[in-house]
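Here the structure comes first, spelled out in structure tokens, and everything after it is commentary.
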Amino acid sequence: MTSLAKFLSGLLGSAFEQNGLPADLGVVRVSDRPDLSQFQCNGAMAAAKQAKKNPRDIAMKIIETLSEKQEFKRLEVAGPGFINIDLTEDCIAAHTQAIASDDRLGLGAYPSDTVILDYGGPNIAKPMHVGHLRASIIGDCLRRVYDYAGYNALGDVHMGDWGTPMGQIISELELRGTLGQNLTMEDLEKIYPEASKACKADEKRADMARAATAKLQDGDADYIKVWQQFIDVSVAGMKANFDALGVHFDMWKGEACVHHLIAPMVNDLREQGLALDDDGAVVVSVASEADTKEIPPLILYKRDGAVMYGTTDLATIVDRVQEYNPSKIIYIVDQRQSLHFEQVFRVARMGGIVPNGTDLIHAGFGTMNGTDGKPFKTRAGGVMKLEDLIATGIDKAQARLDDANLADDIGPDERQDIAQKVAIAAIKFADLQNNRIADYVFDLDRMTSFEGKTGPYLLYQAVRIKSLLKKAAAQSMIMSNNFKIQDEDQVLALLLAEFPDHFDLALRNNTPHVLCDYAYKIAQSFSSFYSNCHILSERDEDLRASRLGLCSLTVRQLELILNLLGIQIPERM
RNA sequence: GGUCCCGUAGCUCAACUGGAUAGAGCAACGCACUUCUAAUGCGUAGGUUGCAGGUUCGAGUCCUGCCGGGAUCGCCA
């Protein structure tokens with residue numbers, strides 16, 4: 001199975017070949033002028049450029065080659081050499097039927113290799129804040145996309161649990177004489193900023209922290225014991241946040257997990273002549289002659305003997321290659337770390353840490369700014385905790401349910417469940433619909449609004465369809481996949497046929513917003529269909545059965561895409 | 001200063017990787033609920049795609065130079 005555009009690309013491609021032209025010129029896409037045609041092919045103009053011929057003549061020849069085909073209702077040359085394509089109603093109906101009887105809704109096959117996705121990246125001893133939102137939900141969405149495609153997709157939370165902050169906290173506890181006492185998450189959240197501030201202000205204090213970090217990494221038993229407590233307390237907090245968001249991980253690993261791999265890895269890099277001593281530190285130079293920019297060396301060991309996150313990132317690659325032999329490792333991490341990943345990836349390649357066939361991809365995302373365009377801060381000037389954002393969303397959704405007077409026939413448990421799903425849909429969709437790479441504006445009001453291009457709008461359309469199908473079933477109405485394609489139905493049917501194209505693009509570029517955009521178009525197209533056509537009251541029984549079938553297909557499609565986005569649909573709202 | 005990213009409607013964002021008349025949402029204005037859920041639909045208005053060149057049948061998209069914003073440039077993550 002595939003999309004109509006891909007199917008047509010095949011037909012046009014072989015027509016190009018029969019005319020002695022490259023098949024890839026036959027690529028067909030959904031027309032960007034729906035008033036003129038359903039699909040278009042622009043290859044004749046590219047062919048004309050190469051062959052120095054008239055593009056319209058080439059287009060005419062292609063059309064003649066295709067004239068026998070039954071699928072086409074209309075094929076014509078337009079403008080400088082566009083080939084405009086319309087399919088027959090029968091062809092569209094048959095394709096819609098094929099999608100409806102396919103479990104994968106038309107999606108083709110993908111490889112089944114292992115792909116590791118590294119996202120979330122919460123830090124020990126720090127509360128999760130809104131800044132973790134993007135990394136978590138983009139990563140989780142991509143994991144779902146790769147998983148659905150057929151890959152063995154594994155999400156790793158990759159906690160920050162082995163760096164300088166650990167030493168800062170431990171040394172702070174030591175100074176206070178409370179090392180070894182029980183700690184709560186609240187204690188940690190208070191102590192860490194104080195310790196961090198003290199280290200910034202005083203170089204001697206910072207030295208203590210560095211020494212403590214090195215001692216911890218050296219495996220000091222007492223330190224490890226306290227550190228393990230940090231982990232236990234912090235992970236409980238993280239899980240609460242991730243559960244609320246519906247973000248899943250297959251591995252709860254952290255930087256510390258790979259500590260035992262570091263020494264052998266560095267030795268290996270030394271033997272290859274890549275890792276060198278430099279002013280007390282151990283570094284790998286990664287600059288190359290072809291560089292247009294200066295790339296600093298990657299530091300494996302600092303002068304104080306402690307490792308840095310580049311070292312643990314590298315050792316994590318060693319671990320992942322050994323354990324899973326992935327074909328891709330994708331890092332969903334802030335775009336500002338692109339230089340860091342460039343360094344790590346280069347060392348991984350130079351040192352043969354990663355096989356040639358394994359792609360290392362930094363799928364970076366932009367900075368989160370406030371409505372003033374500057375890095376986001378709450379009114380009080382601090383960061384907003386993730387749990388506070390979620391709670392705000394749920395409160396707003398509850399209030400909305402009250403306004404709509406939906407309290408009467410829905411019990412408190414279901415109301416709570418609806419509010420939760422609406423809030424998460426709102427938050428996730430507001431974030432995921434933005435292009436991953438660009439900076440974006442974090443606007444709490446917009447994020448928790450339920451009208452227009454929002455998550456709740458998508459839920460609403462899906463819920464309306466579900467409700468309608470329930471009514472049809474209650475009246476024992478027949479639903480058919482023997483589609484009758486009329487004007488109103490055709491727009492929706494053609495749109496549903498595009499799914500594999502959008503999925504493919506989202507997968508290829510690691511861009512969830514493509515799926516958001518497509519899901520929104522489906523919801524919008526359905527909503528328009530819904531208000532233009534009466535479905536249950538349609539008198540033509542065949543048409544009614546066809547429309548019910550189309551509704552059913554639409555809601556399956558919506559549910560699938562929302563699921564890929566990590567958004568759940570309530571039964572009613 | 002070097003390098004990289006960004007600049008599209010009043011605001012927030014798209015534009016299928018070079019295609020035809022640049023599309024959505026919000027905000028504004030005007031319609032449509034005795035009819036399958038109005039968290040909705042339909043319509044109006046809103047643009048010299050930062051500026052100036054270039055490449056070509058064709059540029060928001062590619063190349064050059066400016067202007068403006070951001071990030072980053074070895075011992076934090």
Side-chain angles (χ1 to χ4, degrees), chain A residues 5 29-33 35-36 40 42 45-46 48-49 55 78-82 84 121 123 160 163-165 168 196 199-200 206 210 255 278-281 283 291-299 301-304 306 308-310 312 333-340 343 364 366-367 369 371 373-375 397 400-401 403-404 406 422 430 433-435 437-441 443 445-446 449-454 456-457 459-461 463-465 467-469 471-472 498 501-502 504-505 509 513-514 516-518 520-521 524 527-528 530-538 551 572-573:
Chain A
R29 42 189 271 185
V30 171
S31 176
D32 52 21
R33 290 289 305 273
D35 54 318
L36 298 181
Q40 67 183 72
N42 306 332
M45 290 175 290
K49 193 179 247 177
F82 296 101
N84 282 339
N123 293 312
T164 308
Q168 291 178 342
S196 167
C199 292
K200 262 186 196 162
R210 275 192 275 268
E255 297 169 327
D278 183 285
D279 196 18
V283 306
D291 292 343
T292 55
K293 59 183 172 183
E294 193 178 327
I295 301 194
L298 185 76
I299 297 173
Y301 284 111
K302 296 189 286 181
R303 263 198 296 271
D304 60 21
M308 297 191 37
Y309 77 131
T312 52
V333 180
D334 195 311
Q335 187 59 34
R336 284 176 293 192
Q337 298 199 21
S338 60
L339 181 61
H340 165 74
Q343 292 174 290
T367 312
N369 291 325
T371 43
K374 293 175 188 163
R400 179 69 206 217
L401 278 178
D403 291 348
L406 286 167
V422 166
Q433 70 169 306
N434 293 296
N435 186 351
I437 201 94
D439 291 352
Y440 91 123
V441 174
D443 182 345
D445 291 335
R446 198 155 48 85
S449 88
F450 307 136
E451 272 150 38
K453 191 175 181 179
T454 63
Y457 172 86
L459 298 187
Y460 179 69
Q461 301 308 338
V463 163
R464 287 212 288 193
I465 304 176
S467 162
L468 189 135
L469 291 176
K471 282 196 173 147
E498 292 178 25
D501 297 328
H502 298 281
D504 206 50
L505 194 64
N509 295 340
H513 85 275
V514 170
C516 290
D517 218 53
Y518 178 56
Y520 179 69
K521 272 188 196 153
Q524 222 179 12
S527 197
S528 184
Y530 180 88
S531 52
N532 284 330
C533 308
H534 268 232
I535 299 160
L536 297 181
S537 54
E538 173 57 50
C551 287
R572 49 182 180 167
M573 62 186 277

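First the proteins, then the strands, lettered A, B, ... as listed; each starts at 1.
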Checklist entry - With a non-hydrogen cut-off below 4.0 angstrom, is A:Y520 in contact with a base, only sugar-phosphate, or nothing? => result sugar-phosphate
Item to check | Pairwise distance CD1(A:I437) to CD(A:Q335) - rounded to 0.5 angstrom | outcome: 4.0 Å
Checklist entry - A:Y457 side chain N/O closer than 4.0 Å to the phosphate oxygens (OP1, OP2) of B:C26? => result no
Item to check | Approximate separation, where rounding is to 0.5 Å, of A:I535 CD1 and A:C551 SG | outcome: 3.5 Å
Checklist outcome for this item: Heavy-atom nearest pair, A:F450 first then A:P456, reads CD2-CG, 3.4 Å
Checklist entry - Quantified in whole Å, what is the P atom distance between nucleotide B:U40 and nucleotide B:G58? => result 44 Å
Next on the checklist: How many whole angstroms separate atom CG of A:D501 from atom P of B:C16?
Outcome noted: 13 Å
Next on the checklist: What's A:V283 touching, base or sugar-phosphate or nothing? Going by heavy atoms closer than 4.0 Å.
Outcome noted: base
Checklist entry - NA contact type, A:E255, heavy-atom cut-off 4.0 Å: base, sugar-phosphate, or nothing? => result sugar-phosphate
Checklist entry - Given atom CG of A:D279 and atom C1' of B:G74, what is their separation to the nearest angstrom? => result 11 Å
Checklist entry - Between B:G25 and B:A39, how far is it from one C1' atom to the other, in whole Å? => result 14 Å
Checklist entry - Thinking salt bridges, do A:R336 and A:D439 make one under a 4.0 Å N-O criterion? => result no
Item to check | Whole-angstrom distance between B:C33 and B:C42, as gauged at atom C1' | outcome: 14 Å
Next on the checklist: Testing the basics here: between A:A397 and A:V422, what is the closest heavy-atom pair and its distance to 0.1 Å?
Outcome noted: CB-CG1, 4.0 Å
Next on the checklist: Regarding A:C551, tell me which of base, sugar-phosphate or nothing describes its non-hydrogen contacts under 4.0 Å with the strands shown.
Outcome noted: nothing
Item to check | Glycosidic conformation of B:C33, taking syn as within 90° of 0 and anti otherwise | outcome: syn
Checklist entry - Roughly, in whole Å, what's the span from CD1 in A:I535 to P in B:U35? => result 16 Å
Item to check | Closest to the A:K471 side chain, choosing from B:U37, B:U21, B:A39 | outcome: B:U37
Item to check | Minimum heavy-atom distance between A:Q40 and A:R33, given as atom pair plus value | outcome: OE1-N, 4.4 Å
Next on the checklist: Any base atoms under 4.0 Å from A:S467, or only sugar-phosphate, or nothing? Heavy atoms, all strands.
Outcome noted: base
Checklist entry - Are A:Y457 and A:Y520 an aromatic pair by the rule of ring centers under 6.0 Å? => result yes
Next on the checklist: By the 4.0 Å heavy-atom rule, please label A:D278 as base, sugar-phosphate, or nothing.
Outcome noted: base
Item to check | Interatomic spacing from OG in A:S467 to CZ in A:R464 - rounded to 0.5 Å | outcome: 9.5 Å
Item to check | Touch class at under 4.0 angstrom, heavy-atom based, for A:N84 against every strand present | outcome: base
Next on the checklist: Any base atoms under 4.0 Å from A:L339, or only sugar-phosphate, or nothing? Heavy atoms, all strands.
Outcome noted: sugar-phosphate
Checklist entry - CD1 of A:I299 versus P of B:G74: gap in Å, rounded? => result 9 Å
Item to check | Nucleotide B:G74, atom C1' - distance to NE2 of A:H340 in whole Å | outcome: 13 Å
Checklist outcome for this item: Per the glycosidic torsion and the 90° limit around 0, nucleotide B:U17 is syn
Next on the checklist: Base, sugar-phosphate or nothing for A:R210? Non-hydrogen atoms, less than 4.0 Å.
Outcome noted: sugar-phosphate
Checklist entry - If each of A:N123 and A:Q343 is mapped to the nucleotide of RNA chain B with the nearest heavy atom, which maps nearer the 5' terminus, i.e. the 5' end? => result A:Q343
Checklist entry - Rounded to the nearest 0.5 Å, how far apart are CD1 of A:I299 and CD of A:Q343? => result 8.5 Å
Checklist entry - Whole Å only: how far is the CG atom of A:L298 from the C1' atom of B:C75? => result 11 Å
Checklist entry - Roughly how far apart, to the nearest Å, are B:U17 and B:G46 at atom P? => result 31 Å
Between the protein and nucleotides 54-58 of chain B, which nitrogen or oxygen pairs are less than 3.5 angstrom apart?
unit_1: B:G58; atom_1: O6; unit_2: A:K49; atom_2: NZ; d: 3.0

Checklist entry - Rounded to the nearest 0.5 Å, what separation is found between the SG atom of A:C516 and the CG atom of A:N435? => result 11.0 Å
Checklist entry - Closest to the A:K302 side chain: B:C75, B:U40, B:A38? => result B:C75
Next on the checklist: Mind checking if A:N532 touches a base, just sugar-phosphate, or nothing, with heavy atoms under 4.0 Å?
Outcome noted: nothing
Checklist outcome for this item: Looking only at B:G74, B:U21, B:U40, the nucleotide nearest the A:Q461 side chain is B:U40
Item to check | A:R400/A:E451 salt bridge by N-O under 4.0 Å criterion | outcome: yes
Checklist outcome for this item: A:Q524 has its side chain closest, among B:U37, B:G25, B:C75, to B:G25
Item to check | Nearest-Å distance once atom C1' is located in both B:G7 and B:U12 | outcome: 14 Å
Next on the checklist: Work out how far the P atom of B:C6 is from that of B:G50, and round it to whole angstrom.
Outcome noted: 12 Å
Checklist entry - Going by modelled atom types, is there a donor-acceptor pair between the base of B:A77 and the side chain of A:Y309 at under 3.5 Å? => result yes
Checklist entry - Which of these nucleotides, B:G19, B:U72, B:G25, is closest to any side-chain atom of A:R336? => result B:U72
Checklist entry - Using a cut-off of 4.0 Å on non-hydrogen atoms, how would the nucleic acid contact of A:G79 be classed: base, sugar-phosphate, or nothing? => result nothing
Checklist entry - Is the aromatic ring of A:F82 within stacking range of B:A20, meaning centres under 5.5 angstrom and planes under 30 degrees? => result yes
Next on the checklist: Between B:C5 and B:G10, how far apart are the two C1' atoms, rounded to whole Å?
Outcome noted: 26 Å
Next on the checklist: Judged by each residue's nearest nucleotide on RNA chain B, which is more toward the 5′ side, A:P296 or A:N509?
Outcome noted: A:N509
Item to check | Nearest to side-chain heavy atoms of A:P297, which nucleotide of B:G74, B:A39, B:A38 | outcome: B:G74
Next on the checklist: Before you tell me yes or no, could you show the steps for A:E498 and A:V30 under side-chain contact (heavy atoms from CB on, under 4.5 Å), namely the whole-Å CA-CA distance, both residues' side-chain angles and the distance that decides it to 0.1 Å?
Outcome noted: CA-CA 8 Å; A:E498 292 178 25; A:V30 171; 3.6 Å; yes
Checklist outcome for this item: Side-chain contact check for A:P456: nearest option of B:U17, B:A39, B:A20 is B:A39
Checklist entry - When the distance from OH of A:Y530 to C1' of B:C36 is rounded to whole Å, what number comes out? => result 4 Å
Checklist entry - Roughly how far, to the nearest 0.5 Å, is NZ of A:K453 from CD of A:Q524? => result 8.5 Å
Next on the checklist: At 4.0 Å (heavy atoms only), tell me whether A:D443 reaches a base, stays on the sugar-phosphate, or touches nothing.
Outcome noted: nothing
Next on the checklist: Less than 4.0 angstrom between a side-chain N/O of A:S531 and OP1 or OP2 of B:A32, yes or no?
Outcome noted: no
Checklist entry - Between A:T164 and B:A77, is there a side-chain N or O to OP1/OP2 distance below 4.0 Å? => result yes
Item to check | Whole-Å gap separating P (B:U72) and CD (A:Q337) | outcome: 10 Å
Item to check | Heavy-atom protein contacts under 4.0 Å, nucleotides 2-14 of chain B, coded B base, S sugar-phosphate only, - none | outcome: -S--------SSS
Checklist entry - Under a cut-off of 3.5 Å for both distances of each Watson-Crick or G-U pair, what dot-bracket string does RNA chain B give, using [ ] for crossing pairs and | for inter-strand pairs? => result (((((((..((((.....[...)))).(((((.......))))).....(((((..]....))))))))))))....
Next on the checklist: In whole Å, measure the gap between the P atoms of B:A27 and B:U64 for me.
Outcome noted: 42 Å
